[in-house]
Protein chains: 2
Amino acid sequence: MPERLMRHEQTIVRGDCIEVLSELEPESIDMCFADPPYNLQLRDSLHRPDRSLVEAVDDEWDKFDSMAAYDRFTEAWMSEVRRVLKPNGTLWVIGTYHNIYRVGTVLMDLGFWILNDVVWIKSNPMPNFRGVRFTNASETLIWAVRDKDRKDYTFNYEHMKRYNDGKQMRSDWYVREPVCSGSERIRDENGDKVHSTQKPEALLRMVVEASTNPGDLVLDPFVGSGTTAAVCRKLGRRCLGIEMIDEYVEVARKRLAAIEPGCWLEDECPQVAAGE
Amino acid sequence: MPERLMRHEQTIVRGDCIEVLSELEPESIDMCFADPPYNLQLRDSLHRPDRSLVEAVDDEWDKFDSMAAYDRFTEAWMSEVRRVLKPNGTLWVIGTYHNIYRVGTVLMDLGFWILNDVVWIKSNPMPNFRGVRFTNASETLIWAVRDKDRKDYTFNYEHMKRYNDGKQMRSDWYVREPVCSGSERIRDENGDKVHSTQKPEALLRMVVEASTNPGDLVLDPFVGSGTTAAVCRKLGRRCLGIEMIDEYVEVARKRLAAIEPGCWLEDECPQVAAGE
DNA sequence: GGTTGCTTTGAATCTCGGT
DNA sequence: GACCGAGATTCAAAGCAAC
């Protein structure tokens with residue numbers, strides 16, 4: 001099974017992420033990007049001032065019995081990821097305040113060494129309709145190397161300068177591309193979004209360009225709509241994605257099939273810039 | 001002792017933060033701003049809450065032990081803060097990726113309910129000199145209410161709109177004032193900075209204006225250079241600050257004495273704006 | 001073909017008082 | 001504690017229809 005996986009340039013495997021990970025060779029992955037469930041704890045329904053209903057994330061995969069259960073889930077998948085990462089491999093995890101503190105703590109406790117906390121600043125965040133908090137305008141990406149003392153992780157420092165006018169790239173990223181509400185958003189025949197939390201390709205592009213080289217093997221334990229694999233295909237990186245839900249697997253595979261490999265290798269990513 | 005403290009408009013108490021907190025009345029504080037030590041090498045700060053711990057880790061300061069010690073330290077001061085906060089009182093904690101994940105996890109586990117994670121975007125961050133990471137361009141402020149179901153915490157929603165062109169204020173704050181490198185930075189007779197992590201007054205001003213009303217009582221368990229108390233004095237808020245190190249106590253008290261109470265009440269804070 | 005104005009929507013821990 | 005009704009509450013960008 002692992003043998004077969006490695007030969008493909010980009011592969012989406014259907015299955016439970018921890019089970020599939022346990023079959024993989026140790027120290028075989030160059031970089032892992034993980035977009036785990038955020039464990040949102042939404043209580044009542046929410047209406048906009050115009051009385052329209054906000055379509056909430058109510059997927060079963062985002063429900064956990066307790067914070068302790070979420071911590072155990074995090075530790076389970078992340079320790080498997082650590083096992084299959086090369087010692088100088090790096091892990092990215094994205095989250096919001098609902099889960100990122102739990103994730104960051106587990107990550108440190110497992111021995112990962114944090115390199116940066118990147119802030120994705122949204123140009124069009126959903127406002128706080130009731131006016132009881134600040135607009136939640138960002139998500140956080142933790143970037144960490146597997147082993148603390150490995151200094152030879154991949155970071156394309158000079159390359160990333162292009163996103164900050166030739167100066168050292170900063171950890172605050174402004175993704176001008178909309179938050180997946182445009183033509184990039186994958187919808188079904190009814191016009192409904194297929195996945196409730198699809199990530200923009202521009203964001204993943206920064207992650208992949210920064211921390212991998214062409215030909216590297218990227219792991220995505222929570223494929224969802226398949227953005228990571230799609231970006232890897234466009235940038236000439238290999239990718240192994242794992243997804244539990246049949247519908248998402250199909251969507252991601254179809255998405256991959258429509259992409260010409262390496263089509264992004266020559267140009268740069270115009271939708272992202274550093275702050276100030 | 002607590003009686004005497006409360007009568008003063010702004011007071012800096014010299015002493016161990018947990019000991020002083022334990023003498024305070026429960027549910028007497030409207031808002032707490034905490035800037036705890038980030039650096040795990042600050043053993044003096046860490047051994048205070050649990051003296052028996054000091055001997056145990058003295059010569060074996062490996063990473064796991066220091067993380068656990070930092071967590072215990074965090075839990076110690078934060079649970080005392082929770083005791084003295086009013087049920088609808090709020091807590092702000094500032095940190096970087098070195099400590100904010102530990103702090104956020106402890107905070108949730110103690111029962112605080114996160115309202116926002118505010119990102120302080122720096123206009124002049126220190127570059128990464130060796131070019132092995134992204135420039136660390138932000139710090140994180142967690143804002144949380146003591147009791148999950150209290151909706152009546154103080155949030156001056158309409159007031160804060162002034163910092164985003166009359167629209168709902170966002171959670172990404174651009175402090176245009178340099179990071180305390182100008183005349184605001186407190187220096188000794190040799191021109192050396194007195195405190196290594198002095199926070200800009202513009203940042204604290206946003207915190208105080210957003211989550212308190214004039215006359216409210218603010219707690220700062222880690223006074224340092226005294227920015228919180230100084231801003232409270234300028235904004236007509238009462239403040240109780242706690243600081244262990246004599247030199248900092250002196251500096252903060254001298255700083256307070258030079259401030260005309262309420263001098264900022266009329267105008268707004270010109271150095272901060274929302275993103276985009 | 002370009003412009004204007006209306007409609008829709010996005011990982012959201014988003015009210016309060018009476019019965 | 002659940003249910004219900006009144007009342008207060010939103011920003012940016014995409015999509016689309018109309019002109």
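Throughout, a chain's letter reflects where its sequence line sits, starting with A, and its residues are numbered from 1.
Atom name P, nucleotides D:dG15 and C:dA11: the rounded distance is 15 Å, in whole Å. Going from the P atom of C:dT19 to that of D:dG7 covers 15 Å, rounded to whole Å. Rounded to the nearest Å, the gap between the P atom of C:dC14 and that of D:dA2 is 16 Å. Straight-line distance between the P atoms of D:dA8 and C:dA12: roughly 26 Å, to the nearest whole Å. The C1' atoms of C:dG1 and D:dA18 are separated by 14 Å, rounded to the nearest whole Å.
Heavy atoms of A:D62 sit under 4.0 angstrom from at least one base atom. Within 4.0 Å (heavy atoms only), B:I114 reaches at least one base atom of the nucleic acid. Looking at heavy-atom distances under 4.0 Å, A:T197 makes contact with a base. Within the nucleic acid shown, B:N116 has no heavy atom closer than 4.0 Å to any nucleic acid atom.
The side chain of A:V132 sits closest to C:dC14 out of D:dG15, C:dA12, C:dC14.
Not one side-chain nitrogen or oxygen of A:K193 sits closer than 4.0 Å to the OP1 or OP2 atom of C:dT9. Contact between the side-chain N/O atoms of A:R43 and the OP1/OP2 oxygens of D:dG1 is not found at any separation under 4.0 Å.
Pairing partner, C:dT4: D:dA17, with both Watson-Crick or wobble hydrogen-bond distances short of 3.5 Å. Judged by Watson-Crick or G-U wobble contacts below 3.5 Å, the nucleotide C:dC14 has no partner.
Taking atom CD1 on A:I100 and atom P on C:dA11, their separation rounds to 16 Å, with Å as the unit. Protein atom CG of A:D192 is 14 Å distant from nucleotide atom C1' of C:dG10, rounded to whole Å. Atoms CZ (A:R185) and C1' (C:dG10) sit 7 Å apart, rounded to a whole Å. Atom P of nucleotide C:dG10 and atom CG of A:L40 are separated by 14 Å, given to the nearest angstrom. Atom CE in B:M160 sits about 21 Å away from atom P in C:dC14, given to the nearest Å. Atom CG in A:L42 sits about 7 Å away from atom P in C:dC14, given to the nearest Å. In this structure, CG of A:L203 is placed 13 Å from C1' of C:dA11, rounded to the nearest angstrom. Between A:R133 atom CZ and C:dA12 atom C1' there is a gap of 8 Å when expressed in whole angstrom units.
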**Where protein sits on nucleotides 7-12 of chain D, one letter per nucleotide: B base, S sugar-phosphate only, - none, heavy atoms under 4.0 Å** = B-BBBS

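With hydrogens and angles left out, the side chain of A:K199 and the base of C:dA11 share a donor-acceptor pair within 3.5 Å.
Annotation: A:W143 is in aromatic contact with A:W92 [ring centroid separation under 6.0 Å]. Between B:F222 and B:W77, the ring centre distance stays below 6.0 Å.
No donor-acceptor pair under 3.5 Å is formed between the side chain of A:T154 and the backbone N or O of A:T212.
In this structure, CG on B:D35 lies 8.0 Å from CD on B:E139, to the nearest 0.5 angstrom.
Side-chain contact of A:Y248 with A:W61: a donor-acceptor pair under 3.5 Å is present, judged by distance alone.
Applying the salt bridge (Lys or Arg N to Asp or Glu O under 4.0 Å) rule to pairs touching residues 109-118 of chain B yields A:R102-B:D109, sequence neighbours excluded.
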**Request:** Given side chain to side chain contact (heavy atoms under 4.5 Å, CB included), test A:M244 with A:C17 step by step and report yes or no.
**Result:** CA-CA 7 Å; A:M244 195 167 47; A:C17 118; over 6 Å; no

**Message:** Let's go through A:S22 and A:R83 carefully: what are the C-alpha distance in whole Å and the side-chain angles of both, what is the deciding distance for side chain to side chain donor-acceptor pair (under 3.5 Å) to 0.1 Å, and is it a yes or a no?
**Reply:** CA-CA 9 Å; A:S22 69; A:R83 191 183 65 83; 5.9 Å; no

